Amino acid sequence: MTFSHHCKRGVNLLEIEHRSKFVGMAMDMAMASMSHHHQLLTSHTTLSHLKQLHAQILRSNSNPESLLSKLVLSSSSSSSTLHYALSVFSQFPNTDTHFSNQLLRHLSRSPTPHNTLFLYHNLRTTNAFTLDSFSFPPLLKAVSKLSAFNHGLEIHGLASKLGFLSDPFIQTALIAMYASCRRIMDARLLFDKMSHRDAVAWNTIIDGYCQNGHYDDALRLFEDMKTSDMKPDSVILCTVLSACGHVGNLSYGRTIHEFVKDNGIALNSHLQSALINMYANCGAMELARELYDGLLSKHLIVSTAMISGYAKLGMVKDARFIFDQMIEKDLVCWSAMISGYAESEQPHEALKLFNEMLRHRIVPDQITMLSVISACSHVGTLVNAKWIHTYADENGFGRALSVNNALIDMYAKCGNLGKARKVFENMPRKNVISWSSMINAFAMHGDANSAIHLFHKMKEENTEPNGITFIGVLYACGHAGLVEEGQKLFSSMINEHGISPTREHYGCMVDLYCRANLLRKAIELIETMPFAPNVIIWGSLMSACQVHGEIELGEFAAKQLLELEPTHDGALVVLSNIYAKEKRWNDVGLIRKSMKHKGISKEKACSRIELNNKVHMFMMADRYHKQSNEIYEKLNEVVSQLKLVGYKPSTSGILIDLEEEDKKELVLWHSEKLALCYGLISRRKESCIHIVKNLRICEDCHSFMKLVSKVYQVEIVVRDRTRFHHLSGGICSCRDYW
DNA sequence: CTAGGGTTAG
C-alpha cells in the first residue's frame, strides 16, 4: 500500500464521519488548532477523533512519521482506537525498527501495558517487522507489569533464539520479569549467571525479593552487594529502605540512614521520601516527622506514608492533621485515612470520610472497598452492612474474592449469620480467608458444630488451613466444650500442617481447658508454653476460677492480670469480692482507690438496638430517647414479671463504688436493659431483637435477657465487642462466664 | 531499576 493510497483512505473515513453535524463541529475545532497536533493527539482518544486527526496529519505538511507514532500512543487507552491506529501504522511503508522500539517503550510505560503485547503480535504478523535487542526490554517490562508469565516465556525463548541472552539489559529485564511473575528462584538463577552485574541488576533482584515478600532475603542480598565491589546508589538504598519498612526493621533502617550520612550520598528527594516512609512504616513517627517537616514540597506518597504510620499507632488525630494539610489528594491517601479510622475503632468517621470522598467524585477501588467494609463490620449495624453490600454490587466489586471475604466477616459481625453464609455459598472461588472467615463467623456466634463441620469440608475441598483458621476452630471447640476434638485439632495443626502455635493458639487451648473445668491442665499448659501469658490467658483462668470456686488460684490470676493491665475491670471485681468476703478492708480500700482513679478514663457503656432499619442508642439511666417514659414503664413491668419467675437483681459483677442499694437501682438501668425494653415495645411481631453493646455485658443483664427471652418468647441476639449471644427460650447459645 | 492504601484471629 502506498502513501497516497493511505492518505485517500483516511480522507474517505473522514467523509463518512463528516455526515454527522456534531463531528463537523468537532472538526472545526480541531482545524482551528491545527498547529497543536501533538496536544490534540494526547488528549483526544475517541475513535472518531482519531480518524479526524489522522486525516489532518495526512493533509498537513508536518512530519507524518512522528505524528503517526503519537497517533498510536494517544490511542493506547482503548482497544478499538488502538486497533485503528495500529492498522494505520502497520500499513505504513517505513518499518523502521528504531521507530517500532520507541513505540514499544512508550506503550510499556503507559498505564495500559497490554497494548505493548498487542503491538508486538500485530507487528510480528506483518512480515516487514524485525526485532532487535532493543525491542526486548520494553516487551519484558510489559510482561512484568501484567504478570503475563506465558508471554514472558515466549519472549524469553525468542530472545534466546535470536542470540540476545548475553545482553545485560535483556538479562536484567528477564530477572524483573521472572520476579514479578512470582518466579523469584528463576530470577535468582539468571542473576547468578550474569557475568557483569551493574547497579540496575542488583536493584532489580533486590526489588524482586521484596515483591515476593522475601524482605529479609532482600536485606541479605544487599549485604552481599556491599561485600562485592558494588557501591550502592540512591535507587538501591530506596529499595532497601522500603524493605526495612515492610519488615519493621528499624535498626537496619537507621544503619542505612547513617550509611547515607557517612558516605556523603546526596539526599535527593527520592531518598528523603524513602527514609520518611521507612521510619513511618517502622512506627518511628518522631523521626519520620522531623524529616517530613523539613521537606520543602510534601509529596503525595510521603504524606500518605505519614498518615498510615500515625494510623497504625492509633494516632488518628495526627494522621488527620497531615491529611487535612494535603493540597492534592488521590485515592490512595483517602483510602489510607479511611482505613486509619476503620482500624482505630472510629468506624463512623471512616464512613463519613468515605462519603466525603465520593462527594469529591473520587472513585473507590477494591482496596478502598475492603477498608470501608471493614469499617461497617466495626459499626456492626445491618443498615450499613446492606448499604455497602449494595454499593459493592452496583459498582462492580460484587465478584471480587477479597471483597466477598470481607462481606462474610461483616455480616457475621453485624449479627446476620444467614447473610454471611449466603455470601460464602455464592462465591464461585474460595480461598483460605473465605473459609477462615466463615468458620470464625460460626465460632463467633457460638455455633461450634457448624464451624467444625466447615473446617472438615474445607480440608475435603483441598484448601490448606492456616494459623488463623485454627484459631477460629479452636475457639469454637472451647465454646462447645469439645475438649478432645480441640486437643486433636491442636496436635494436627502442629504435626500434620506444620504450623507452630502462637500465643493466641495457646490462649484458645487454655480457655478450652478452663471452660471444661480442667484447671490443672490449663495451668500446665500456661507453664509449659513458650510464651509469657497475656491478659486474655490470665482472664480465662481467672473467670474459670471464679465460676468453679477456686479462690486462691483466682486471686493469683487476677493479680497477674492487674500486673499487665492495672485497670482491668474484671480483675478488680474478682479481687474486691474476694477481699470483701475475707473482710480484708484495707485491701478493699486499695482497690476502690484504683477504681476511682480509673473512673476518669473509662469508656462509657452504651447499647444500640437496630429496629426497622433504624439505630437507637442508650446510655445507662439515660432519658434522651423520645419514648423514654414508655421505655421505663416497660422496664418496671418487665422487672415485676421476671421477679415472679425468680429474678433477683445481682450486683456482684459491677464495678462502681457505691452503696449496695444504689447499685441495685443502677443495675436495672443498664443501657442494654433500656435497649431491650425499647425492642419489646417497638419490634414487629416475630422479629428478632438485635442489641450491640460496646463493653462486656454484666452477669445480671445476661440473666435478665435470658429470662426475657423465655417469658416474652422472643429471640434476642446480643453482641458485646465481637462475641454474639443468641438467647431464646431462656437458653444462651454460648458457654460464657459470668 | 526506587517511595503510599487492603480482607480472616487477637
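Labels below follow one simple rule: chain letters A, B, ... track the order of the sequence lines, proteins then strands, and each chain is numbered from 1. Bear in mind that the values here come from a model prediction, so they are computed numbers and not experimental data.
A/L174 has its CG atom 15 Å from the C1' atom of B/dC1, to the nearest Å. Atom CD1 in A/I499 sits about 14 Å away from atom C1' in B/dT8, given to the nearest Å. Separating the NE2 atom of A/H479 from the P atom of B/dA9 is a distance of 14 Å, rounded to the nearest angstrom. Atom P of nucleotide B/dA9 and atom CG of A/D511 are separated by 16 Å, given to the nearest angstrom. In this structure, A/M458 places its CE atom 10 Å from C1' of B/dT8, rounding to the nearest Å. We find that CH2 of A/W202 is positioned 14 Å from C1' of B/dC1, with the value rounded to whole Å. Distance, A/L454 CG to B/dA9 C1': 16 Å, rounded to whole Å. The distance from atom CD1 of A/I439 to atom P of B/dG10 is 13 Å, rounded to the nearest whole Å.
Atom OG of A/S234 is separated from atom CG of A/N268 by 4.5 Å, given to the nearest 0.5 angstrom. Atom CG of A/L474 sits about 10.0 Å away from atom CD of A/E485, to the nearest 0.5 Å.
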Before you tell me yes or no, could you show the steps for A/E223 and A/R220 under salt bridge (charged side-chain N to carboxylate O under 4.0 Å, His left out), namely the whole-Å CA-CA distance, both residues' side-chain angles and the distance that decides it to 0.1 Å? CA-CA 5 Å; A/E223 288 297 319; A/R220 267 191 286 279; over 6 Å; no
Worked check of side-chain contact (heavy atoms from CB on, under 4.5 Å) between A/L489 and A/C477: CA-CA 9 Å; A/L489 285 165; A/C477 288; 3.8 Å; yes
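Pairing each heavy atom of A/L351 with each of A/A375, the nearest pair is CD2-CB, 4.0 Å. Across all non-hydrogen atoms, the minimal contact from A/A412 to A/H445 is O-NE2, 2.8 Å.
Judged as a side-chain contact (heavy atoms from CB on, under 4.5 Å), and not counting sequence neighbours, the contacts of A/N431 are A/L401, A/N405, A/I433, A/S434.
Residue A/K413 has a polar side-chain atom (N or O) positioned under 4.0 Å from OP1 or OP2 of B/dA9.
For A/F169 and A/F164, the ring centers sit 6.0 Å or farther from each other.
The cationic group of A/K422 does not satisfy the cation-pi geometry with A/Y411, failing either the under 6.0 Å distance to the six-membered ring centre or the 45° limit from the ring axis.
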For each nucleotide in nucleotides 2-7 of chain B, reading 5' to 3', give B when a protein heavy atom comes within less than 4.0 Å of its base, S when such contact involves only the sugar-phosphate, and - otherwise. BBBBBB
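For DNA chain B, the neighbouring residues in residues 464-471 of chain A, judged by any heavy atom under 4.0 Å, are A/I468, A/I471.
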